[in-house]
Every structure is written in C-alpha cells, then in structure tokens.
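Heads up: the structure comes next, in structure tokens.
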Number of protein chains: 2
Amino acid sequence: MASDSLTSREKILDAAEALFARRGYAGVGLREVAESVGLVKSSLFHHFRSKAQLYCEVIARVLDRIRLGLAPVLDSDVGPVERLDRGVEALIDALAEHPPTARLLLRSLVEEDDFDSAPEALRVEEALGEILDGMGRLLREGVEAGVFREVSVPHMVQTLIGATVYHFASGDLGERLLGRPVLCAEEVRRRKRELQDLLHSGLVVNFPPRVRSEA
Amino acid sequence: MASDSLTSREKILDAAEALFARRGYAGVGLREVAESVGLVKSSLFHHFRSKAQLYCEVIARVLDRIRLGLAPVLDSDVGPVERLDRGVEALIDALAEHPPTARLLLRSLVEEDDFDSAPEALRVEEALGEILDGMGRLLREGVEAGVFREVSVPHMVQTLIGATVYHFASGDLGERLLGRPVLCAEEVRRRKRELQDLLHSGLVVNFPPRVRSEA
DNA sequence: GTCTATACTACGATAGAC
DNA sequence: GTCTATCGTAGTATAGAC
C-alpha cells in the first residue's frame, strides 16, 4: 500500500481532509480523525497544536496543490484565449484529482471563522491571493488587449470559481442533475468543454466556432 | 419593532437561519439559538422536536421563498430569452433579499448529512425539485427552439447556481474581490447585468447587442 | 511517538414545576 | 409556554507513564 510510505503526519492530514470536506470544521471531532488513522485522540496533539492548526494546514495544502497546477499555465507566454483554456483545464484537473478538494475549498471560502490568529493562516492567505491575482491578471490582460469583452474582472473571477469549485463540490445535487457522479472521468471532461465553450462565446470577442477533434 | 408581531416560532426560525448561515448545522448550538431570542435552550423543544427538524424547517422556508419568486417568472408566457433575463433577476432578488439566504442555501446543497428521515425533509425535496425542474425546463425549451446554443442543460443549471448562489454566499472573499459587500445594492444590480450579458453572448444564439436603458 | 487517564466545557434532549 | 435541573455523551486539550 502507498499509505505505508506516508508519515503519520501525512496520514492525519489526508484523513482530516476527507472528513473536513464531508462535514465541515465544526462537524468533525478529533477522535474521528485519530481513529480513522489508527491512533487515539490525544496522539494528534503530538503532531498538531490544536484543531484549528490542523484545519489550516489541510486548507493550505489544498490551496498549494491548486496554485502549483495553475501557476505554470497562467505564467506561460501564450495568448489570453489559449491561457484561459489551459487555465480552466488545469483548475478543473486540480479540483477533480482528489474528491475532497472542491468541497473543502468551497467550505473554506464560505466559512467565516477567524483562524487568522494562527500563524498557519498566513500560508492560506498567500496561496489564495496568488491564485486570485493570477486569474484576475489573465482576465485583465485579455480585456485590455481587446480579446475579451469588457466584463467586470472581479465578477468574472467569481463566475469562474462558481463554475468550477461549486460544481465539483456539489456532490449529491450535481449527481442528481447530471445522472452520474460529477467526478467521473466523462463528466469532468464534459465540464471542461462546457465551460470553455461558454467562455469562448460569452467572454472572447469574435471567437471562431470551434471544430471538435475528440471522439 | 416588527419583531414584536412575530410568533416565538418565527423568531426562532429567523435567529436559526442567521446562525446556520454563518456557521453551518454542526457549528451552531441550540443554546445560542435560544438565547439570541431571549429563551433558554430547553424552551426550543416546545416548538421543534429536534435540532434536525429546526434545520429542515429553516431550509424549507428559504427554498419556498426562492420558489415563490421564481415560479411566476418561469411559468410566464414570454420567450426563452426574456424568461431567462427575468429568471436571473428574480433569483438574484430572492438571494439578495435577506443576507443569510445564499449562504444557507449553498451550505445545504453541499451538506450531505441525511436529514431524509425527518418528515420535514420532504418539503425541502419538493421545493428544490420544483426550482431545479423549472430552470431545466426553461433551458431545454430554449435549446429545442434553437434560441439557445446546444449546451448541456444540467451543466448550465450548475453554472447558473454557481454564478448566483455561490456568488452571494461568498462573503468576505466576494467583498475582497469586488471592493465592497456583494450584497450592497450597486453590486447586486451589477451582478444581474454581468450574468445576463454573459448569458446573452454565451448562451443565446445571435443575440443582438443590447442597448442599455438604465442610469 | 503512542498510550491511559483526566479536566473542563458544551452538546442534544427530557422531566417536571409554575 | 417558559423555566430550572438533570442525564448521558462527546467535545478540545493536558499530564504523565511507557
């Protein structure tokens, strides 16, 4: 098993990620986290000072994954439309890679508890800021170059978050609408295409109708 | 005070709605709900059998408000584009009317606790089903009439939910992006316009460029 | 690094006086 | 319809043995 090569710390973070994604910060007890990795509750305090710190580290790790997937695309030297397409693909790949990701992220965006006191919250702020700035920069450049419509950049960032993070966090509701799990391979591909098509006709000025090459 | 004319039951529902919106089901204690309306914890059990029932009634009330705002629009006899525009307006008005609405709704969509055992959960299912069916029907009719692009209807429903419910639930993050509260009057108007414009160019086939008549 | 044991607080829910 | 009092459980966190 791959999990045998993980440190206790990493196993705890994985377990906590799955649980926080499913039931939120307040809905998860440390006892449950501990027992799902074969420890007792108090052993967690050897690895993390408090529940709040554990939570912050889980969120920071998720945001880092997104940031690492997105950064090379957003920093690449291709035109805005190509970068937009690849950005959507990279973001969706990062969200779909592990099932808890989108749910955890959506919860953390909506949660308003102030974990700001914890020093680990700085890592969260930093990663989030970088992701949002990158998305905003891409949109602003496209608008200024006349390649994108004159949309409100912050509103379009919100729309992109909703169309990706919310979608893959929607669980049962999404499955009910689509008729199968939002995270199954076909529906992930479909989501990319639907969103890219929406952006091509709804954001890009005079985008040439796309000829599909896939099966 | 208007609150003097409310029954205890209604006051409790209002208080619980605000609290559940902010901290979620597990994050709110009945003690806090009770004391925010000037009661002690055990008095709540005279009005609601359990915490789960209280929560279901709160969610059902919110969904009913949305449904009542949306139904007349979706059932009206105008064309798909006009219905889409008015639907977006009605949905956003319902979400923006009371600050907790969108947050509570987003949380309930992402929450996966099974309250299905409670009989009150039926009201929730019914209202949610009616809202989703209405949105789906509008989109399907538009596509079949050739007025909308051939999008995936379920994916577009998801996009609409993300663009509205997520947006107005985004709280601090939304405010950080927009530079002011997502629920302030100007940003609510702006959201309607941005989303309608996105849909006009991104969903409607050959939509004529719109001449704005507003201030 | 993990364990047992424990301190203290809060939770949801019930019983019964008024 | 609201109160006080209480039950049983579970929460976060700490102390100290191994």
Side-chain angles (χ1 to χ4, degrees), chain A residues 1 3-59 107-108 111 113-121, chain B residues 1 3-59 107-108 111 113-121:
Chain A
M1 286 271 290
S3 69
D4 289 1
S5 66
L6 297 178
T7 65
S8 274
R9 199 189 144 83
E10 283 164 337
K11 282 194 236 177
I12 294 167
L13 284 168
D14 285 344
E17 182 175 319
L19 287 167
F20 284 140
R22 272 206 278 276
R23 288 202 291 282
Y25 180 76
V28 173
L30 294 182
R31 185 190 179 219
E32 197 177 3
V33 176
E35 289 183 352
S36 77
V37 293
L39 294 177
V40 295
K41 192 173 43 166
S42 57
S43 298
L44 294 189
F45 291 92
H46 182 77
H47 301 278
F48 302 94
R49 281 194 323 279
S50 66
K51 185 186 184 185
Q53 191 214 341
L54 171 59
Y55 181 74
C56 285
E57 299 229 17
V58 167
I59 301 290
R107 289 197 119 106
S108 81
E111 221 78 57
D113 287 309
D114 37 339
F115 298 99
D116 310 326
S117 52
E120 293 77 15
Chain B
M1 286 271 292
S3 68
D4 289 3
S5 66
L6 297 176
T7 64
S8 273
R9 203 190 140 81
E10 284 165 335
K11 281 194 237 179
I12 294 167
L13 284 168
D14 285 344
E17 182 175 319
L19 287 167
F20 284 139
R22 271 206 277 276
R23 290 202 289 285
Y25 180 75
V28 174
L30 294 182
R31 186 190 180 221
E32 195 178 4
V33 176
E35 290 183 352
S36 78
V37 294
L39 295 176
V40 294
K41 189 175 46 164
S42 58
S43 298
L44 294 189
F45 291 91
H46 182 77
H47 302 277
F48 304 94
R49 283 194 322 281
S50 67
K51 185 186 183 183
Q53 191 214 343
L54 171 59
Y55 181 73
C56 285
E57 299 230 16
V58 167
I59 300 291
R107 290 196 118 106
S108 81
E111 221 78 56
D113 286 308
D114 37 341
F115 298 100
D116 310 326
S117 51
E120 294 76 15

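First the proteins, then the strands, lettered A, B, ... as listed; each starts at 1. Values in this document were obtained by computation on a predicted structure and should not be read as measured data.
The nearest heavy atom of DNA chain D to A:Val28 and to B:Val40 marks one nucleotide each, and the one closer to the 5' end goes with B:Val40. Nearest-nucleotide assignment on DNA chain D puts the 5′-proximal partner with B:Gly38, out of B:Lys41 and B:Gly38.
Between B:Ser43 and D:dG1 there is no side-chain N or O to OP1 or OP2 distance below 4.0 Å.
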From CA spacing to verdict: side-chain contact (heavy atoms from CB on, under 4.5 Å), B:Arg49, B:Glu120: CA-CA 11 Å; B:Arg49 283 194 322 281; B:Glu120 294 76 15; 3.3 Å; yes
Using the rule given for salt bridge (Lys or Arg N to Asp or Glu O under 4.0 Å), can you reason through A:Glu32 versus A:Arg22, listing the C-alpha separation, both sets of side-chain angles and the distance that settles it, and then say yes or no? CA-CA 13 Å; A:Glu32 197 177 3; A:Arg22 272 206 278 276; over 6 Å; no
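Note: NE2 (A:His46) to P (D:dT14) measures 14 Å, nearest angstrom. The CZ atom of A:Arg23 sits 10 Å away from the P atom of D:dG11 (whole-angstrom rounding). Look at CG on A:Leu44: it is 13 Å from P on D:dT14, rounded to the nearest Å. D:dT14 atom C1' lies 16 Å from atom CD of A:Gln53, rounded to whole Å. Rounding to whole angstrom units, CD of residue A:Glu32 and P of D:dG11 are separated by 8 Å. Atom CD1 in B:Ile12 sits about 10 Å away from atom P in D:dG1, given to the nearest Å. Atom-to-atom, CD of A:Glu35 to C1' of C:dT4 comes out at 14 Å; the value is rounded to the nearest Å. If you measure from atom CZ of B:Phe45 to atom P of C:dT14, you get 7 Å, rounded to the nearest angstrom.
In this pair, A:Phe20 and A:Tyr55 present their aromatic rings perpendicular. The plane angle is above 60°, beyond the 30 to 60° band.
Here the nucleotide nearest the side chain of A:Lys51, chosen from C:dG12, C:dC11, D:dA13, is D:dA13.
Applying the 3.5 Å distance criterion, the base of C:dT2 shares no donor-acceptor pair with the side chain of A:Ser42.
When atom types are taken as modelled, the side chain of A:Glu10 and the backbone of A:Thr7 share a donor-acceptor pair closer than 3.5 angstrom.
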